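Below: the structure, in structure tokens.
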Amino acid sequence: MSSLRQYVPTFAPHGPGAAAIEHLFVIVLIICAVIFAIVTGLVGYSIWKFRAPPGADPPEPPQRFGNRRLEIIWTAIPLATVGVIFGLMLGTMQASSPPAGGRPDLVVRAHQWWWEVIYPESGFETANEIHLPVGRTLTVRLESADVIHDFWVPELGRKIDMTPGHPVQIKLRADTPGVYGGTCAEFCGAEHPWMRFQVVAQPAAAYVAWLRHEAERAAPPTGAAAVAGWALFQRDTCITCHAVAGMGDAARVAPDLTHFASRRELGAGVLTNTPAHLARWLADPQAVKPGCLMPDYHLTSPEVRKLSAFLETLR
Ligand code: CUA
């Protein structure tokens with residue numbers, strides 16, 4: 001099991017929801033393994049025991065029609081087994097999907113193909129990265145801006161569909177600090193595989209510091225390259241889709257870039273967020289993530305350098 005835990009996140013729960021699901025899965029797996037062993041054992045035994053003697057023409061075996069006691073036994077055992085699994089499942093549903101009413105701590109809105117993340121209390125927005133305080137349960141409201149997506153952090157909890165016009169709320173909690181991978185688990189178009197996000201679970205103090213930092217607005221850039229990049233950002237209409245708090249509000253059809261440079265990934269997981277990757281992305285986003293909403297602006301290398309310089313100031 002320890003090596004499974006290493007490679008299969010569903011076997012490495014770090015929150016009560018995922019732990020309940022893993023627990024039920026292991027129990028059902030054991031029950032199924034026992035049934036499998038009994039059935040294959042009986043089939044194997046029968047094949048061996050009732051085999052025809054070599055060369056002989058097998059006689060017609062005695063025909064039996066109906067055996068009430070056997071029929072009751074083979075109906076009762078599966079019924080009891082399914083009944084036990086049903087009972088355990090009710091408990092798992094309670095634990096993995098508790099009622100989540102009230103005001104959300106966090107709103108996650110799915111887009112083709114990225115995640116808009118809003119912390120309403122702190123009044124800011126970010127993208128593709130969710131932060132949680134370790135050991136505290138947050139109420140998360142899930143919405144979709146376009147098609148049906150599905151929110152899933154295998155190490156923390158259940159999957160849940162995000163249907164346009166039908167917001168839902170879940171509880172999300174991590175019991176160990178760490179970075180957990182999240183993904184869209186419902187086919188939602190060409191770049192569905194690159195609709196990833198990260199959940200960063202951190203101690204309360206670090207979480208509060210993160211909230212405070214994220215709520216800060218961007219400072220106007222200094223340095224010639226960054227200033228030129230900011231001018232390009234406006235001239236090339238990047239600002240129409242990407243908001244940068246304090247510098248420009250946008251239509252929210254693309255990720256908020258206020259603290260872009262401090263995020264870990266680029267393009268909802270398609271690249272790690274390094275200056276080299278950013279340059280590659282800006283040079284031709286359609287080559288990196290074909291079909292994404294960001295067009296290829298055919299930027300020249302000096303333009304890419306200036307835009308990168310500006311975006312790297314957004315810490
Ligand atoms: Cu969104 Cu798949």
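Note that this is a predicted model, so its numbers are computed, not measured. In what follows, every heavy atom counts, from backbone to side chain, and hydrogens, waters and symmetry copies are set aside. Both ligands and their constituent atoms are indexed starting at 1 by order of listing.
- Counting heavy atoms of neighbouring residues, nucleotides and ligands inside a 6.0 Å radius, atom NE2 of His213 exceeds 12 of them.
- Restricting His149 to its N/O/S atoms, the shortest distance to atom 1 (Cu) of ligand 1 is reached by ND1.
- A distance-only check finds a donor-acceptor pair linking the side chain of Glu303 to the backbone of Thr300 [under 3.5 Å].
- Taking the N/O/S atoms of His192 in turn, the shortest distance to atom 2 (Cu) of ligand 1 belongs to ND1.
- At least one N/O/S atom of Met195, whether from backbone or side chain, sits less than 2.8 Å from atom 1 (Cu) of ligand 1.
- Using a cutoff of 4.0 Å between basic side-chain nitrogens and carboxylate oxygens, Lys159 and Glu186 are not scored as salt-bridged.
- The aromatic rings of Trp210 and Tyr207 sit parallel to each other, their planes meeting at less than 30°, with 60° as the upper class boundary.
- Within Glu186, the N/O/S atom positioned nearest atom 2 (Cu) of ligand 1 carries the name O.
- The shortest distance between side-chain heavy atoms of Trp113 and Cys188 falls below 4.5 Å.
- Atom 1 (Cu) of ligand 1 lies at the vertex of an angle of 120° between the SG atom of Cys188 and the SG atom of Cys184 (rounded to 10°).
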